[in-house]
Structure formats: C-alpha cells, structure tokens
Trainee: 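After the structure tokens below, expect a handful of questions from me.
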Amino acid sequence: QVQVVESGGGLVQAGGSLRLSCAASARTFSIYRMAWFRQTPGKEREFVGSIRWSDADTYYADSVKGRFTLSRDNAGNTMYLQMNSLKSDDTAVYYCAATNRPTIMTMTSGYAYWGQGTQVTVSS
C-alpha cells in the first residue's frame, strides 16, 4: 500500500511564501512522477505542477509559472513545492499525487496515489 502525505499548508498574507512537502512511502514503490493539484469549492481539481523523478524535470501550470518551484529529495521520496508571491487566487486545498508509470501529467486520472490534501489560505 502506497501512502502519500502532504504537509506545510497554512495561512499567509498575499505576497508571502509557503513550502509544501509531500512524502510517498511504500516498501516497493518506485516513483515515476509526482504532482500537485489544487481545488476550491465547487470547482474541479486543477493541475499545479509536476516533477519527473528520474531527472527532476518539471512542468508548471501557466498560473503559477515563475512563482512556484518544485524540487525533490530522491532518497527520502519527498517532493517540495515552494510557493512565492502568493495571491488570493492561490487559496485552495492542495493535493499531492504520485504514479509509478508514465502518464498524462496534467490530468488527475494519470495518478493512482493521492494524499488527503492540505489547506492553503492567502489573505489579501
């Protein structure tokens, strides 16, 4: 069983920064890609960014490009999302996702393993 656990959410003022973490744990799980999605009430879960585990290649949604940065700790199976210059529009529940095979990185259906989500609230 693969467990995906997020941490690091909270309340921050507009213009501020937060760092989210996501750890994937399983004895035999080999990560191919991890990603962050976010969701607000009444809306579909939207893609934020993704990182390929083998070479740390990253891809971001246009809405966060230049403000958010993904990184990973290969040994610890942990992914980080550094969020800078936060805006009120970034307020959402952020979900971490993982897959052990090639996938369409921007789609929720591309990921088999999900965390419970962590709330990020940006006050204006």
Side-chain angles (χ1 to χ4, degrees):
Q1 183 71 16
V2 178
Q3 284 190 313
V4 178
V5 180
E6 307 101 335
S7 61
L11 174 64
V12 64
Q13 287 189 332
S17 298
L18 274 178
R19 189 173 86 152
L20 305 183
S21 301
C22 175
S25 61
R27 188 169 296 178
T28 59
F29 183 63
S30 178
I31 300 172
Y32 179 82
R33 181 177 292 279
M34 293 183 77
W36 288 97
F37 289 75
R38 65 187 183 186
Q39 189 170 24
T40 53
K43 293 189 177 181
E44 292 188 356
R45 199 167 291 187
E46 69 168 355
F47 174 78
V48 174
S50 178
I51 186 166
R52 186 167 56 200
W53 218 248
S54 60
D55 59 3
D57 182 56
T58 56
Y59 181 78
Y60 300 95
D62 287 343
S63 58
V64 306
K65 202 173 293 183
R67 299 188 299 121
F68 290 11
T69 303
L70 282 164
S71 60
R72 59 110 170 91
D73 170 9
N74 204 359
N77 276 7
T78 302
M79 172 179 65
Y80 304 98
L81 180 66
Q82 178 66 42
M83 304 185 293
N84 298 330
S85 303
L86 283 162
K87 308 173 183 178
S88 57
D89 286 349
D90 296 318
T91 295
V93 177
Y94 283 70
Y95 294 91
C96 176
T99 180
N100 59 352
R101 60 192 66 188
T103 189
I104 301 175
M105 69 176 91
T106 59
M107 295 181 64
T108 56
S109 58
Y111 299 86
Y113 307 102
W114 290 84
Q116 293 299 307
T118 184
Q119 177 70 46
V120 172
T121 303
V122 183
S123 63
S124 56

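The first residue in the sequence is number 1, and the count goes up from there.
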Trainee: Which residue pairs satisfy the salt bridge (charged side-chain N to carboxylate O under 4.0 Å, His left out) criterion with at least one member in residues 103-124, sequence neighbours excluded?
Mentor: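 Pairs touching residues 103-124 that pass the test: none.
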Trainee: Hey, any chance Leu81 and Met105 share a hydrophobic cluster, counting ILVMFWY side chains that come within less than 4.5 Å of each other, even indirectly?
Mentor: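 No, Leu81 does not connect to Met105 through the hydrophobic network.
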Trainee: Return the set of residues passing salt bridge (Lys or Arg N to Asp or Glu O under 4.0 Å) with Lys87 (not counting sequence neighbours), or none when no residue passes.
Mentor: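 With sequence neighbours excluded, Lys87 shows a salt bridge (Lys or Arg N to Asp or Glu O under 4.0 Å) to no residue whatsoever.
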Trainee: Just jot down the salt bridge (Lys or Arg N to Asp or Glu O under 4.0 Å) partners of Arg72, sequence neighbours excluded, or say none.
Mentor: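 Residues passing salt bridge (Lys or Arg N to Asp or Glu O under 4.0 Å) with Arg72: none at all.
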Trainee: What pairs meet the disulfide (SG to SG under 2.5 Å) rule with one or both residues in residues 39-124, with sequence neighbours excluded?
Mentor: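 Non-adjacent pairs meeting disulfide (SG to SG under 2.5 Å): Cys22-Cys96.
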Trainee: Suppose we screen for side chain to side chain donor-acceptor pair (under 3.5 Å). Which residues come up paired with Ser71, at least two apart in sequence or across chains?
Mentor: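 Per chain and number, Ser71 pairs via side chain to side chain donor-acceptor pair (under 3.5 Å) with no residue.
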Trainee: Indicate whether any N or O donor in one side chain lies under 3.5 Å from an N or O acceptor in the other, for Ser50 and Arg33.
Mentor: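 Yes - a donor-acceptor pair under 3.5 Å links their side chains.
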Trainee: Could you tell me which residues satisfy salt bridge (Lys or Arg N to Asp or Glu O under 4.0 Å) with Arg67, sequence neighbours excluded, listed by chain and number?
Mentor: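 If we apply the salt bridge (Lys or Arg N to Asp or Glu O under 4.0 Å) test to Arg67, skipping adjacent residues, the hits are Asp90.
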Trainee: List in chain and number order the residues that pass ring pair (Phe, Tyr, Trp, His ring centres under 6.0 Å) with Trp114, two or more places apart in sequence or in another chain; answer none if no residue qualifies.
Mentor: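 Only Phe37 meet the ring pair (Phe, Tyr, Trp, His ring centres under 6.0 Å) criterion with Trp114.
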Trainee: Hydrophobic clusters join Ile, Leu, Val, Met, Phe, Trp and Tyr when side-chain heavy atoms are under 4.5 Å apart, directly or via other members; which others share one with Ile104?
Mentor: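 Members alongside Ile104: Met107.
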Trainee: If hydrophobic clusters are built from ILVMFWY residues whose side chains come within less than 4.5 Å, do Ile31 and Phe47 share one?
Mentor: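 Ile31 and Phe47: separate clusters.
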Trainee: Please check: side-chain N/O of Thr91 versus main-chain N/O of Val122, any donor-acceptor pairing under 3.5 Å?
Mentor: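 Yes, because the side chain of Thr91 sits within donor-acceptor range (under 3.5 Å) of the backbone of Val122.
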Trainee: Spell out, as yes or no, whether a donor-acceptor pair under 3.5 Å connects the side chain of Tyr60 to the backbone of Leu70.
Mentor: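 Confirmed, Tyr60 side chain pairs with Leu70 backbone.
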Trainee: Please, which pairs that meet disulfide (SG to SG under 2.5 Å) have at least one residue in residues 51-92, sequence neighbours excluded?
Mentor: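 Listed once each, the pairs would be none.
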Trainee: For Asp57, which residues count as a salt bridge (Lys or Arg N to Asp or Glu O under 4.0 Å) partner, sequence neighbours excluded?
Mentor: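 Salt bridge (Lys or Arg N to Asp or Glu O under 4.0 Å) check on Asp57 returns Arg52.
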Trainee: Mind jotting down which residue pairs meet the side chain to side chain donor-acceptor pair (under 3.5 Å) criterion with at least one end in residues 2-20? Sequence neighbours excluded, please.
Mentor: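 Found Ser17-Asn84.
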Trainee: Donor-acceptor pair, Thr78 side chain versus Gly76 backbone, under 3.5 Å?
Mentor: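 Here the side-chain-to-backbone pair exists.
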Trainee: For the residue pair Thr118 and Val93, establish whether any side-chain heavy-atom pair is separated by less than 4.5 Å.
Mentor: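 Thr118 does not reach Val93 side chain to side chain.
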Trainee: Nearest 0.5 angstrom please: Ile51 CD1 to Met79 CE, how far?
Mentor: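 Taking CD1 in Ile51 and CE in Met79, the distance rounds to 8.0 Å.
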Trainee: Any side-chain to backbone donor/acceptor pair from Thr99 onto Tyr111? Under 3.5 Å, distance only.
Mentor: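 It does not hold such a pair.
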Trainee: Sort and list the pairs that fulfil ring-ring contact (aromatic ring centres under 6.0 Å, His included) and have at least one residue in residues 64-95, not counting sequence neighbours.
Mentor: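 Output for this query is empty, none listed.
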